[in-house]
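Everything below concerns the one structure shown next.
Indexing begins at 1, ligand by ligand and atom by atom, following the structure's order.
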Amino acid sequence: MLTDPRGLASYQESLARLLSQVEALGSTSSLLQDAHGRYLAADIVARRDQPLAAVSAMDGYAVCSLEVAPDAQYRIVGASYPGSPFLCDLSPTEAVRVTTGAWMPRDARRVLVDEIAIRDGDNLRLLRLPTTKTHVREAAHDFRSGAILATAGTRLTAPALMAAAAGEQATVQVIRQPAVTIIVTGDELAPDLTGVGPYQTVDSASIGVAALSRDWGGVVKEIVRCGDVVEDLQECLRSALHESDIVVIIGGASGSERDFARRAAAGVGVKMIFEGVAIKPGRPTWAARYGSGDRPCLVIGLPGNPFAALAAARLFLSPMIAKAACGTADDALQWRSGSIRDAMAQGIETETFLGATLGPDGLNLLSSQDSSSQGGLAALHALILRPVKAPGCAAGSTAPYLQVTARLGDR
Ligand SMILES: Nc1nc2c(c(=O)[nH]1)N[C@H]1C(S)=C(S)[C@@H](COP(=O)(O)OP(=O)(O)OC[C@H]3O[C@@H](n4cnc5c(N)ncnc54)[C@H](O)[C@@H]3O)O[C@H]1N2
Ligand code: MOO
């Protein structure tokens, strides 16, 4: 394996060290309607049979005999609709009007669908013979009370929420979402997006990193802006460390006399996990842990250059949040293989992640890969991995990529 000239560890090694410090948070109960996107801490067990009784699968007429003669005639004795059943005993010449989902009358065995029925007042005769299909959904044909509808660890996506609701689960046990505080450092950063002064920079990085955090299941408690003063940064850090599961510091990550993030963190008693990673962009990324026992807090320091901050957040922060929110980082580490539309030169001495757009015909590299570039970010869908000194390749070659926002692997 090639060694980084600065002695920094690889992405995989740094990520593994970081993730070994992350544990799934405890559980909490939530109303089902508020649990969208959350991970189940306990199985969802059906509290009822579904359906509770046999129901009609079609609009038509329920009759009690499976055998139907071509000249059969019936007297319609009532109507059963979903929510208002008509629960009579039927004689062989009686029929009950039913619509889809209505409880079948007792003893009714089949439904003669509207398409073959001719109704005249209370009398019913047939246009032609029915098929062998009964058009009846038997009681509990979907699931029985006690059936497991979703297992612990499942993400409550739209389909999973529907299953949980069908099982009559008004409240569910879900894993607590990690509370994320974002601290942004830099004297040059404008306090808000309106009225940015001539020597100021828009704080775009925190907006993107906050959104990415939410995408992966974090709750962003606060975005705190702080100047380049160690003591101020330490004060922000101290309160963030006590109120959050994850603290993100953007900027001030490299080593100049104006970069204070790591110095400030060291001064408030965090234990470094790594300081810099052999990747591009994102080399100055650092990580640390604060406290132990019940409520440790993890700190991730991102570079200030916006594309570098976003890429490093996707590579490190998303898996951290995913692991804290569901017990495994797998959902955030779904590497896929994609066809790259452009030819690529030989890889450099550092493992590189290239921004790309993902379309139906493969991946297109963004025109600028500069770590400060933001003009093309609206079309950023994926990060392509270029290993150290990867051989140059022609257009149409395949390479591993990670999607930036979408979860590919909902379990
Ligand atoms: N001599 C060296 N210089 C640099 C090195 C190095 O190894 N040796 N590393 C470079 C790399 S790589 C990166 S990435 C940058 C990032 O360093 P910092 O984390 O210390 O970033 P800052 O100095 O705070 O800011 C860099 C740049 O980004 C702008 N910025 C900062 N915060 C935000 C924000 N929230 N939103 C938008 N833009 C932001 C800031 O104004 C600067 O322009 O260091 C290289 N230098
Ligand atoms: O990590 Mo820096 O991201 O290359 O500009």
> Taking the non-hydrogen atoms of Ser204, is any one of them nearer than 4.0 angstrom to ligand 1?
Replying inline: yes
> Does atom 6 (C) of ligand 1 have any protein heavy atom closer than 4.0 Å?
Replying inline: yes
> Within a reach of under 6.0 Å around CD of Glu168, are more than 12 heavy atoms found that belong to other residues, nucleotides or ligands?
Replying inline: yes
>> Measuring from atom 3 (O) of ligand 2, which candidate in Gly282, Pro303, Ser372 has the nearest non-hydrogen atom?
In response: Gly282
>> Can you confirm whether Arg47 is buried at CZ, in the sense that more than 12 heavy atoms of other residues, nucleotides or ligands lie under 6.0 Å from that atom?
In response: no
> Under 3.5 Å, N or O to N or O, is Ala308 touching ligand 1 that way?
Replying inline: no
> Has ligand 1 got any nitrogen or oxygen that is less than 3.5 angstrom from a nitrogen or oxygen of Ala205?
Replying inline: yes
>> A quick test of your reading: do over 12 heavy atoms of other residues, nucleotides or ligands sit less than 6.0 Å from CD of Gln33?
In response: yes
> Using 4.0 Å as the upper bound for N to carboxylate O, is an ion pair formed by Arg97 and Asp59?
Replying inline: no
>> If you define the side chain from C-beta out and look only at heavy atoms, does anything of Thr185 sit under 4.5 Å from Ile250?
In response: no
>> Whether the side chain of Glu275 engages the backbone of Met272 through a donor-acceptor N/O pair (distance < 3.5 Å, no angle test) should be reported.
In response: no
>> If you count every heavy atom of other residues, nucleotides or ligands that lies below 6.0 Å from Arg225 atom CZ, does the total exceed 12?
In response: yes
> Numbering the atoms of ligand 1 from 1, which are under 4.0 Å from a heavy atom of Asp259?
Replying inline: 20 (O), 23 (O)
>> At less than 4.0 angstrom from any non-hydrogen atom of Asn305, what atoms of ligand 2 do you find?
In response: 5 (O)
>> Other residues, nucleotides and ligands only: do more than 12 of their heavy atoms fall within 6.0 Å of CZ on Arg176?
In response: yes
>> Is atom 3 (N) of ligand 1 near the protein, in the sense that some protein heavy atom lies at less than 4.0 Å from it?
In response: no
> In the protein, what heavy atom is nearest to atom 5 (O) of ligand 2, and what distance, to one decimal place, separates them?
Replying inline: Ser371 OG, 2.3 Å
> Atoms of ligand 1 less than 4.0 Å from Arg283 heavy atoms?
Replying inline: 5 (C), 6 (C), 7 (O), 9 (N)
> Arg38 side chain to Ile175 main-chain N or O, any donor-acceptor pair under 3.5 Å?
Replying inline: yes
> Which atoms of ligand 1 have any heavy atom of Gly251 under 4.0 Å away?
Replying inline: 19 (O), 24 (O)
> Is any heavy atom of the protein nearer than 4.0 Å to atom 30 (N) of ligand 1?
Replying inline: yes
>> Main chain of Leu31, side chain of Asp34: is a donor-acceptor contact present, judged purely on distance under 3.5 Å?
In response: no
> Which of the atoms in ligand 1, numbered in the order shown and given with their element, are less than 4.0 Å from a heavy-atom of Val202?
Replying inline: 36 (N), 37 (C)
>> For Phe353 and Trp335, take the angle between the two ring planes, folded into 0 to 90°, and tell me which bin it lands in: parallel under 30, tilted 30 to 60, perpendicular over 60.
In response: tilted
>> I'd like the name of whichever of Gly252, Gly304, Pro281, Ser371 reaches closest to atom 39 (C) of ligand 1 through any heavy atom.
In response: Gly304
> In terms of residue, atom name and distance, what is the protein heavy atom nearest to atom 4 (O) of ligand 2?
Replying inline: Pro281 CA, 3.7 Å
>> Do the side chains of Glu351 and Arg386 get close enough for a salt bridge, i.e. N-O under 4.0 angstrom?
In response: no
>> Would Ile250 count as a polar contact of ligand 1, with the cut-off being nitrogen or oxygen pairs under 3.5 Å?
In response: no
>> Only heavy atoms of Ala308, strictly under 4.0 Å: list the atoms of ligand 2 that pass.
In response: 3 (O)
>> Between Gln173 and Ser27, is the side-chain hydrogen bond (donor to acceptor under 3.5 Å, both in side chains) condition met? List the steps.
In response: CA-CA 6 Å; Gln173 281 298 115; Ser27 66; 3.3 Å; yes
> What atoms of ligand 1 come closer than 4.0 angstrom to any heavy atom of Val184?
Replying inline: 35 (N)
>> Please report whether ligand 1 has a polar contact with Asp203, defined as an N or O pair separated by less than 3.5 Å (distance criterion only).
In response: yes
> Starting from atom 27 (C) of ligand 1, which protein heavy atom do you reach first, and at what distance in Å?
Replying inline: Asn305 OD1, 3.3 Å
> What residue and atom, counting heavy atoms only, is the protein's closest point to atom 44 (O) of ligand 1, and at what distance?
Replying inline: Ser254 OG, 3.5 Å
> Going by an N to O cut-off under 4.0 Å, is there a salt bridge joining Asp187 and Arg258?
Replying inline: yes
> With a cut-off of 4.0 Å, which atoms of ligand 2 are near a heavy atom of Pro284?
Replying inline: 1 (O)
> Heavy-atom contacts under 4.0 Å between Pro284 and ligand 1: side chain, backbone, both, or neither?
Replying inline: side chain
> So is Pro306 close enough to ligand 1, meaning a heavy atom under 4.0 angstrom away?
Replying inline: yes
>> I'd like to check which ligand 1 atoms, numbered from 1 as shown, lie under 4.0 Å from a non-hydrogen atom of Glu188.
In response: 31 (C), 40 (C), 41 (O)
> Do Tyr401 and His381 have ring centres separated by under 6.0 Å?
Replying inline: no
> Considering only heavy atoms of Ala253, which atoms of ligand 1 have at least one such atom less than 4.0 Å away?
Replying inline: 18 (P), 19 (O), 20 (O)
